[in-house]
Amino acid sequence: MTAVFHRSGAGCGGYPSNPPHILIAGIGNELLMDDGVGVCVVRELQRQGHFAENEHVMFAEIGTFALDALHLLEWADVVFVVDAMRAGGPPGEAYLTTGTEIESGPLRGSLHHLDLLGALHLIPGPPHCPRFIILGVEPARMEFGMELSPRLQERFPEIVELALEVAQSLVYESSVPTPL
Amino acid sequence: MATVKVLDPISRIEGHLKIEVSIDTVRGLQQVVDARATGTLFRGFETILQGRSPLDAPDITQRICGVCPVSHGMAAVVTLDRAAGIAVPENGRILRNLVLAANFIQSHILHFYHLAALDYVDGPNQAPWQPSWKTDKRVSGAAANALVGNYVAALAMRRKAHEMGALFGGRLPHPPTYRAGGITATPRPERIDAYRAYLNELIPFIQNVYLNDVNTVASVYSDYFRIGKGHGNLLAYGVFDLDSTGEEKLLNRGRWVNGRRDVLRVDVGSITEQVRYSWYDDRTANLNPASGVTTPQYPKRGAYSWLKSPRYQSIPYEVGPLARMWVNGDYSNGISVLDRHAARALECLKVAEAAMGWLDEIVPDAPVIAPYEVPDSASAYGLTEAARGALGHWLNIRNGRIENYQVITPTCWNASPRDGNGRRGPLEQALVGTPIKNQAEPIEVLRVIHSFDPCLSCAVHVMRPKKEAQVFTVAMGSGPAACRP
């Protein structure tokens, strides 16, 4: 067996699936307050029933172990990630960026800390590099606790609305014939 | 004069396990002369549980760790069963075992191929394998190519094991079907058949590929049968109950003390946690977890870890597959880096083969869960095993709510700091004497550490943009069109 590996995260040409598969993924540990904001947002979107009839859209609570999401990444053409992000703004600030702009650290002999972008390297077979759109939220508190910080709770409805708008736009864009 | 080298092998971001080794030349051989393991996991997860319904414990404790959630689920439900004096129906016991067996299988495969193999073989010349240390990689040529190919096959096998566990776990990781009193999965015949079909793929892989690759590594690293022994004391809580009393297990409870001949029994009351070198108040030292207190004190003179030091009758014990297979009489070759890998692979096969037998013991249409009522007040513990070693939960219920919850993870045993008697933790002790070829790349230290399969909380996964990254701050309430540059 020959291993084929590749660098990806930015999207590499057309989408294999038509219409493209869109994965809406929440990342983080919900026992660490704002670290779990991505999981909370994605769960709320799903609870509100969006895209329930659209079989090309999947919600996923990826949590903390990216390797367990490998089959979802394989399925996806577009990955919309919601996660806590330290980008230097005030707590509660929301950021939009893409997979090419995010640090993906080197592996030092262990996959315990493999991140989502790093996990892409491990998909065998022909190159598969979904496009990553990331909605980051600047955390206020990352301490032990199951609730978001007051600051993020206050912003939560707006963050969910924003996430929905991004998701709707991705679903719309991917439903028209010309890929982004 | 010894050189002090700090390795942070586990976590990219915050550093959940940091190993500091002193390297010096003794009798002409450069080697590790001292080691200190620093766990930065603060046990605040336990305080989250206080005041909550005891029924929340399985779901919350599973999220302590993304790698061994099933074991936390098992420990929590066993604790709850015992708190209420509930006998779990046979089907419930078997289905719980089947989900945990799937977790053991995936974890052992993951550990060898994805967490440990790169200490012995150089990966392909591309990310995420490179850059890597080049020192002392003895598996080369065709054998190396084969191992890397199996690395990819192992990913697929691991996924199959996950899917297999999800048949009765509902989902993996974090299976929601583990409930007090039993399990909420139904053993429909097509699911039993599906589980069997997965095992029919996994068992040959374990037998013909995994065990074979462990042998390949062992054949060129036979010196690692003598490296990394440590204290030589082994402890297993035991796992996979074979009857409703839990007296008989696939892997039995017991402990083995270096130099003694017999396997000794385990008395839970003899487990205490010391905090002399941990950042906790000394007044909380030497408590049994049933009355355990977690009071941080930072800074603290002499302390260097957030892990407490669990000890049995004040003695450090190694936990893990080698301990389990040893006290069960299934493995007796020795205690070392390679013995840990060998025992883990053999255990993987043993568990998979046993699971095949359990499928035939399921009684269709028989109950899977007993009615459960939360006791108003109770104290209980639940002992089980995670893939990487003995796991215990301790619970006090008062007024129907959790008053105190304490968790001792396997890595707390293995990566614990020195205790009140100044004795090193098992991993620290195993590192001492490890020969080092190249101080700049102490790969030998990683081999010893990884042989224990340490698992600290997969806690913080915050993203960080690159410097100069294109990141756009989004104005709330406006559509995404407004946030493009």
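First the proteins, then the strands, lettered A, B, ... as listed; each starts at 1. Values below: all heavy atoms of this structure, side chains included; hydrogens, waters and symmetry mates excluded. Note that the coordinates shown come from a computational prediction; the quantities given were computed from them, not determined experimentally.
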NZ/NE/NH1/NH2 to OD/OE distance under 4.0 Å, A/Arg155 and A/Asp34: no

Straight-line distance of B/Asn150 CG to B/Ile109 CD1, nearest 0.5 Å: 11.0 Å

Residue selection (most heavy-atom pairs with chain A, distance under 4.5 Å) from B/Arg171, B/Arg158, B/His174: B/Arg158

Aromatic ring proximity, centroids under 6.0 angstrom, B/Tyr210 and B/Phe205: no

Distance flag, aromatic centroids of A/His71 and B/His162, threshold under 6.0 Å: no

Under 4.5 Å from a heavy atom of chain A, the part of B/Ile60 involved: both

Region of B/Arg63 that comes under 4.5 Å of a non-hydrogen atom in chain A: both

Atom group of B/Arg447 that falls short of 4.5 Å from chain A, counting heavy atoms: neither

Carboxylate-amine/guanidinium proximity below 4.0 Å for B/Lys160 and B/Glu163: no

Toward chain B, the part of A/Glu138 with a non-hydrogen atom under 4.5 Å: neither

